[in-house]
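Read the structure below first, then the notes.
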Amino acid sequence: MLYPISQIGAVATTEPRSGALLKMEWPDKKVGYADIFPWPEFGDADIDTQLLALARGRISFLVEQAIWLGRKDAIMRSMGVNGLHGGTKIKNHFLITDFTTIADRHIADIKNAGFTTVKIKCGRNIHLEALFIQKLINQFALMVRVDFNSRLDFSNFQRFMGFFSQRDISKIEYIEDPFPYDTANWTEASKLVPLAVDFEYENVDWSHIKSPPFKVIIIKPSRMDVDRAIGRCTTFNLKYSVTSSLDHPVGIVHAAIVAGELRKNYGTYFLDSGCLSLRAYKSTEFNNKILVQGPYITQVTGLGIGFDDVLEGQDWQLLTR
Ligand code: MG
């Protein structure tokens with residue numbers, strides 16, 4: 001269970017979120033770990049269904065990604081390396097899931113900690129949200145990423161954009177999933193501000209599209225085939241931002257390691273990441289193993305994705321039919 005500190009998304013509630021850690025052992029004796037934290041609010045099967053299916057040999061796309069990540073972890077562990085060592089540090093945005101809980105002094109703290117970009121979940125009250133974004137931009141000189149989780153429609157979106165001056169808009173790096181994907185309206189919307197696809201990625205007709213009406217792909221290693229997504233970035237000249245899926249610290253470190261690898265190989269398309277979502281939930285014993293400095297996840301104790309002793313100490317149950 002992960003316990004949200006405040007409302008964590010426009011759709012989600014403050015209810016505890018259910019997920020699972022997976023420990024995987026391969027025939028070559030390598031052992032690796034990953035997490036699954038489904039979002040039933042966005043159409044994922046819940047965790048019990050996922051695990052039951054897995055026990056019967058049916059693999060959902062979340063489990064498929066967990067296996068891919070677990071294998072990466074297993075290889076790093078067997079080589080005796082720590083996934084965050086040696087790479088360049090990846091800068092993250094500060095995530096605001098519920099702006100009503102953020103006072104001005106908090107924003108000053110965020111700025112002083114070294115964050116230059118804030119991502120804000122929106123879609124509950126666009127007027128108040130626009131005012132808050134203007135404050136971030138004008139009073140605190142922060143860049144802003146906005147995520148609507150497809151809560152708007154095109155006319156609400158136009159209304160939202162109408163609150164901003166041209167100068168404000170130049171400080172909005174992108175708007176993610178403003179409303180459900182359709183090429184015509186997204187094309188119109190993209191004339192006002194750069195757009196990014198996250199959940200709507202699945203609704204894009206990739207095989208027929210010539211010139212996508214968005215500039216950025218949100219890459220969530222726990223939810224999507226990373227190589228395919230990077231291929232789309234290079235084909236269509238799109239940027240990407242690697243983010244956690246607001247999941248367990250295990251998934252956060254996995255995402256941070258993938259971000260570092262992608263930046264090394266596909267640096268031209270790289271934008272700052274969004275892996276630092278530790279503050280969204282009450283702290284667990286895993287959090288103490290992660291060292292965070294301002295916008296950077298700098299260290300994790302252990303091999304691979306880290307957390308060695310904490311992972312070993314979990315009450316593992318064999319997945320059986
Ligand atoms: Mg999103």
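What's counted below: heavy atoms across the whole structure, side chains too, no hydrogens, waters or symmetry copies. Numbering starts at 1 and runs along the sequence shown. Remember, it's 1-based here, ligands and their atoms both numbered in the order they're listed.
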| message | Among Asp272, Thr97, Val144, Leu95, exactly one meets side-chain contact (heavy atoms from CB on, under 4.5 Å) together with Lys119. Which residue is that? | response |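 Among the candidates, only Leu95 passes.
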| Within 45° cone of Phe270 ring axis and under 6.0 Å: Arg263 NZ or CZ |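 Relative to the ring axis of Phe270, which defines the angle, Arg263 lies inside both limits.
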| said: Tell me whether Arg17 forms a cation-pi arrangement with Trp39, defined as NZ or CZ under 6.0 Å from the six-membered ring centre and within 45 degrees of its axis. | reply: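 Yes, Arg17 and Trp39 form such a contact.
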| request: Sequence neighbours left out, what pairs pass ring pair (Phe, Tyr, Trp, His ring centres under 6.0 Å) with at least one residue falling in residues 45-98? | output: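 Residue pairs passing ring pair (Phe, Tyr, Trp, His ring centres under 6.0 Å), neighbours aside: Phe94-Phe115.
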| the Mg ion (ligand 1): which protein N, O or S atoms are under 2.8 Å away? |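 Within the sphere that stays under 2.8 Å of the Mg ion (ligand 1), the protein atoms of type N, O or S are Asp147 OD2, Glu176 OE2, Asp198 OD2.
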| message | Taking side chain to side chain donor-acceptor pair (under 3.5 Å) as the definition, give me every residue that meets it alongside Asn125, ordered by chain and number, with sequence neighbours left out. | response |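 Partners of Asn125 by the side chain to side chain donor-acceptor pair (under 3.5 Å) criterion come out as none, since no residue qualifies.
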| query | Which residues pass the side chain to side chain donor-acceptor pair (under 3.5 Å) test with His248, sequence neighbours left out? | reply |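 Side chain to side chain donor-acceptor pair (under 3.5 Å) check on His248 returns nothing, list empty.
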